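Note that the coordinates shown come from a computational prediction; the quantities given were computed from them, not determined experimentally.
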Amino acid sequence: MKQEIVHIALVVRDYDEAIDFYVSKLDFELIEDTYQAEQDKRWVVVSPRNSLGTTLLLAKASKEEQHLFVGNQAGGRVFLFLSTDNFDRHYQKLKNQNIEFVREPKEADYGKVAVFKDLYGNLWDLIQFEPSHPMYRRINDTDL
């Protein structure tokens, strides 16, 4: 049996501003934007370009309880991890888009990493794994 985590729901304030951020600033691809009349909501899915992995389902907060989690889905911890095959190029590209980094790049045992905020304040790791790290092998589908 094969299973995959297909979507991670990210609670957002507004569909269009979230789409604009992820597509224009992070250079993600808009996979789907479908209106669901029976629930009066949109099914909005974005993904890093050239990725076949897990996608983000942009879920608009519709209740007061949900609004409390916009920008704080992980209680102030890093919530999402964006892997790259060229850290320096990707870091500079994000800086050029005025993405706010709260931790500057550093070398770690597992690779090169920096922490940035999305438009709502959720924290993300931008990371390039070292070839010896298990995630490198998993992402690159190799048996190193």
Side-chain angles (χ1 to χ4, degrees), residues 1-36 38-39 41-63 65-103 105-144:
M1 175 168 58
K2 182 178 178 180
Q3 296 177 319
E4 298 283 339
I5 296 175
V6 181
H7 306 298
I8 293 177
L10 180 64
V11 182
V12 301
R13 185 174 39 238
D14 178 81
Y15 291 119
D16 293 320
E17 74 180 2
I19 290 169
D20 182 58
F21 176 82
Y22 287 99
V23 172
S24 299
K25 299 277 188 175
L26 295 189
D27 196 30
F28 281 24
E29 179 180 5
L30 179 62
I31 305 295
E32 182 177 0
D33 185 355
T34 304
Y35 179 67
Q36 297 179 330
E38 66 280 359
Q39 295 178 321
K41 68 177 185 179
R42 289 159 62 184
W43 186 261
V44 179
V45 178
V46 296
S47 173
R49 290 193 187 281
N50 303 314
S51 172
L52 298 177
T54 305
T55 64
L56 289 180
L57 173 66
L58 303 179
K60 183 178 176 183
S62 60
K63 300 175 184 172
E65 178 183 14
Q66 294 168 358
H67 285 276
L68 298 174
F69 290 94
V70 173
N72 192 26
Q73 293 212 186
R77 294 187 58 118
V78 170
F79 175 55
L80 296 165
F81 301 78
L82 181 59
S83 170
T84 180
D85 62 351
N86 186 320
F87 182 91
D88 295 326
R89 180 189 67 216
H90 205 144
Y91 173 78
Q92 192 57 55
K93 186 174 184 178
L94 293 179
K95 290 288 277 190
N96 292 344
Q97 288 291 337
N98 296 315
I99 299 299
E100 180 185 354
F101 279 84
V102 296
R103 280 186 235 142
K106 72 173 191 173
E107 297 283 342
D109 293 343
Y110 52 85
K112 197 167 189 179
V113 63
V115 179
F116 69 92
K117 288 183 180 181
D118 68 14
L119 77 162
Y120 299 116
N122 293 299
L123 297 179
W124 289 63
D125 268 3
L126 174 64
I127 187 166
Q128 182 175 5
F129 290 104
E130 288 293 325
S132 61
H133 192 276
M135 283 307 298
Y136 179 92
R137 293 189 298 274
R138 183 177 177 89
I139 291 167
N140 292 287
D141 194 26
T142 181
D143 293 325
L144 286 179

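Heavy atoms of other residues, nucleotides or ligands lying less than 6.0 angstrom from CD of Glu65 number 12 at most. Within 6.0 Å of atom CD in Glu38, more than 12 heavy atoms from other residues, nucleotides or ligands are found, so the atom counts as buried in its surroundings.
Residues Leu26 and Phe116 meet the side-chain proximity criterion, which asks for heavy atoms closer than 4.5 Å. Side-chain contact between Glu32 and Trp43: present, with at least one pair of heavy atoms (C-beta onward) separated by less than 4.5 Å. A heavy-atom distance below 4.5 Å is found between the side chains of Val44 and Leu30. Side-chain contact between Phe129 and Arg137: absent, with no pair of heavy atoms (C-beta onward) separated by less than 4.5 Å. Looking at heavy atoms from C-beta onward, Glu130 lies out of side-chain contact with Asp109 at the 4.5 angstrom threshold. Two residues are said to be in side-chain contact when any heavy atoms from C-beta on lie closer than 4.5 Å; Leu82 and His90 meet this criterion. Asp88 places a side-chain heavy atom less than 4.5 Å from the side chain of Lys112. In this structure the side chain of Lys93 never reaches within 4.5 angstrom of the side chain of Asn86, judged on heavy atoms.
The OG atom of Ser47 sits 8.0 Å away from the CG atom of Leu52 when rounded to the nearest 0.5 Å. Expressed to the nearest 0.5 Å, how far CG of Asp125 lies from CZ of Arg77 amounts to 10.5 Å. Taken to the nearest 0.5 Å, the CD atom of Glu100 stands 9.5 Å off from the CG atom of Leu123. Atom CD1 of residue Ile8 and atom CG of residue Leu10 lie 9.0 Å apart, to the nearest 0.5 angstrom.
In this structure, Pro105 and Phe87 approach most closely via the heavy-atom pair CB-CE2, 3.6 Å. Considering all non-hydrogen atoms of both residues, Lys117 and Phe21 come closest at O-CZ, 4.2 Å. For the pair Asp118 and Gly121, the tightest heavy-atom approach, listed with the atom from each and the gap, is OD1-N, 3.0 Å. Here the shortest heavy-atom pairing between Asn72 and Asn122 reads N-OD1, 3.4 Å. Closest approach of Val70 and Ala61 over heavy atoms only: CG2-CB, 4.0 Å. Heavy atoms only, all atoms of each residue included: Asp27 and Arg49 are closest at OD1-NE, 3.0 Å.
Side chain of Lys60 to main chain of Tyr15: no donor-acceptor pair is present (N/O by atom type, distance under 3.5 Å, no hydrogens or angles). Judged by distance alone, with hydrogens and angles left aside, the side-chain atoms of Tyr120 form a donor-acceptor pair with the main-chain N or O of Arg13 at under 3.5 Å.
With Thr84 as reference, Leu126 is the one residue of Leu126, Ile127, Ile139 to meet the side-chain contact (heavy atoms from CB on, under 4.5 Å) rule.
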Residue pair Val113, Lys106: steps toward the side-chain contact (heavy atoms from CB on, under 4.5 Å) verdict: CA-CA 6 Å; Val113 63; Lys106 72 173 191 173; 3.9 Å; yes
Side chain to side chain donor-acceptor pair (under 3.5 Å) evaluation trace for Gln92 with Asn96: CA-CA 6 Å; Gln92 192 57 55; Asn96 292 344; 3.0 Å; yes
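Within the 6.0 Å centre-distance limit, the rings of Tyr91 and Phe101 are counted as a close aromatic pair. Taking the six-membered ring for Trp, Phe28 and Tyr22 have ring centres closer than 6.0 Å.
Phe79 meets the ring pair (Phe, Tyr, Trp, His ring centres under 6.0 Å) test with no other residue; sequence neighbours excluded.
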